> 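Starting off with a structure, shown below.
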Amino acid sequence: MTVSATDAGTLRLAGREVPRLGFGAMRLPGPGVWGPPPDRDRAIAVCRRAVELGVRVIDTAWYYGTPDQDVANEVLAEALRPYPDDLVFVTKLGGRRTDDAGWAPALRPEQLREGAERDLRVLGVESVPVAHLRWIDDGGPDVVPFADALGTMLELRDAGKIGAIGLSNVDLDQVRTAERITDVASVSNLYSPLQRDDDPLVDHCAAAGIPYLPFFPLAVGSVADPGAVADVAAELGVAPAQVALAWLLHRSATMLPIPGTGDPGHLEENVGAGSLRLPDDAVARLDAAGRPSGA
Ligand SMILES: NC(=O)c1ccc[n+]([C@@H]2O[C@H](COP(=O)([O-])OP(=O)(O)OC[C@H]3O[C@@H](n4cnc5c(N)ncnc54)[C@H](OP(=O)(O)O)[C@@H]3O)[C@@H](O)[C@H]2O)c1
């Protein structure tokens with residue numbers, strides 16, 4: 001049976017109707033999200049297969065690579081140009097890599113502008129449909145007040161470099177602040193059946209009709225570890241990743257998971273989760289298993 005990302009249903013993201021199952025490009029570079037893919041042909045094949053399977057939302061960042069090499073964006077461009085008209089890249093501005101393969105903020109106006117220009121140049125597009133303001137505060141000189149960073153994003157949108165503004169790694173107060181200033185196209189935070197701290201923001205986004213793109217939706221693979229997700233998967237005869245994604249899709253109508261993989265088999269499995277309907281008792285067990293202790 002051929003699977004399709006549209007099996008997961010659709011939602012409106014930045015004015016476009018898109019399948020609710022996306023693809024995260026962070027696993028395209030080498031180990032540690034650093035340097036070129038170990039097998040470039042395979043990485044290209046995964047991107048092409050994602051689009052063949054109907055995926056239309058691709059989460060990426062210019063800084064998925066090294067400080068000098070925008071690996072994920074390079075692979076995406078090589079694999080997918082000319083892009084389908086309905087493909088929606090969701091990028092991130094506000095972070096960068098350090099020379100020792102770490103992650104650091106890059107929230108000053110010139111840094112946000114430089115990241116936007118790198119996205120346009122390497123992806124080979126005139127405008128990126130959605131850019132997330134990736135909040136990261138290490139207390140250092142590259143952090144500015146949240147509203148100021150948002151101001152630079154508004155300038156980038158006014159200049160047509162980005163089509164819509166989303167937010168990433170933010171809390172509910174920041175989302176509310178942003179909502180008073182502009183339309184929030186989407187929110188992308190850490191969330192999975194195993195990591196539910198963001199439940200209040202998931203609910204807020206559902207109520208406000210804001211697409212929520214959980215990152216680490218598979219808890220970076222640990223949904224396969226012994227526990228409720230793996231138990232349900234074994235009972236249903238499906239993969240733990242599929243149970244995790246099906247639970248996320250069931251959790252909220254504005255949920256749009258972006259699982260990351262460099263493996264064509266895993267990609268197929270992840271897209272296949274869109275047609276998996278979990279029995280009520282399985283949903284109840286997963287709901288209970290993932291709650292923060294005391295909740
Ligand atoms: N906004 C942010 O700050 C932020 C932060 C982190 C990530 N992200 C985005 O979110 C996306 C998703 O996060 P992620 O990729 O880090 O974590 P994830 O989707 O939770 O898990 C990816 C890991 O799980 C493995 N995997 C994927 N599908 C699988 C399957 N069907 N069965 C078994 N293992 C599977 C992958 O390995 P294989 O390659 O071997 O499949 C990879 O190691 C990223 O790609 C990135 O685009 C955003």
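Atoms considered below: every heavy atom in the structure, side chains included; atoms not considered: hydrogens, waters and symmetry mates. Quantities reported herein were computed from a predicted structural model and do not represent experimental measurements. Order of appearance sets the numbers: ligands from 1, and atoms from 1 within every ligand.
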> Hey, is CD on E126 packed in by over 12 heavy atoms from elsewhere, all under 6.0 Å?
no
> Show every donor-acceptor pair shorter than 3.5 Å between a side-chain atom in residues 128-140 and any protein atom, with sequence neighbours excluded, or say none if there are none.
from : atom 1 : to   : atom 2 : distance (Å)
H132 : NE2    : S186 : OG     : 2.8
D137 : OD1    : G139 : N      : 2.8
D138 : OD1    : G140 : N      : 2.8

> By ring pair (Phe, Tyr, Trp, His ring centres under 6.0 Å), which residues pair with F89, not counting sequence neighbours?
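Result, ring pair (Phe, Tyr, Trp, His ring centres under 6.0 Å) vs F89: Y83.
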> Which protein residues come within less than 4.0 angstrom of ligand 1, counting heavy atoms only?
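Ligand 1 is contacted, at a heavy-atom distance under 4.0 Å, by G24, A25, M26, R27, D59, Y64, K92, R134, S168, N169, F215, F216, P217, L218, A219, V220, G221, A241, I258, P259, G260, T261, G262, D263, H266, E269, N270.
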> Quick check: are there more than 12 heavy atoms from other residues, nucleotides or ligands sitting under 6.0 Å from CG of D171?
yes
> Are R96 and W103 in a cation-pi setup, meaning NZ or CZ lies under 6.0 angstrom from the ring centre and within 45 degrees of the ring axis?
no
> How would you list, by chain and number, every residue that makes a ring pair (Phe, Tyr, Trp, His ring centres under 6.0 Å) with Y64, sequence neighbours excluded?
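So Y64 forms no ring pair (Phe, Tyr, Trp, His ring centres under 6.0 Å) with any residue.
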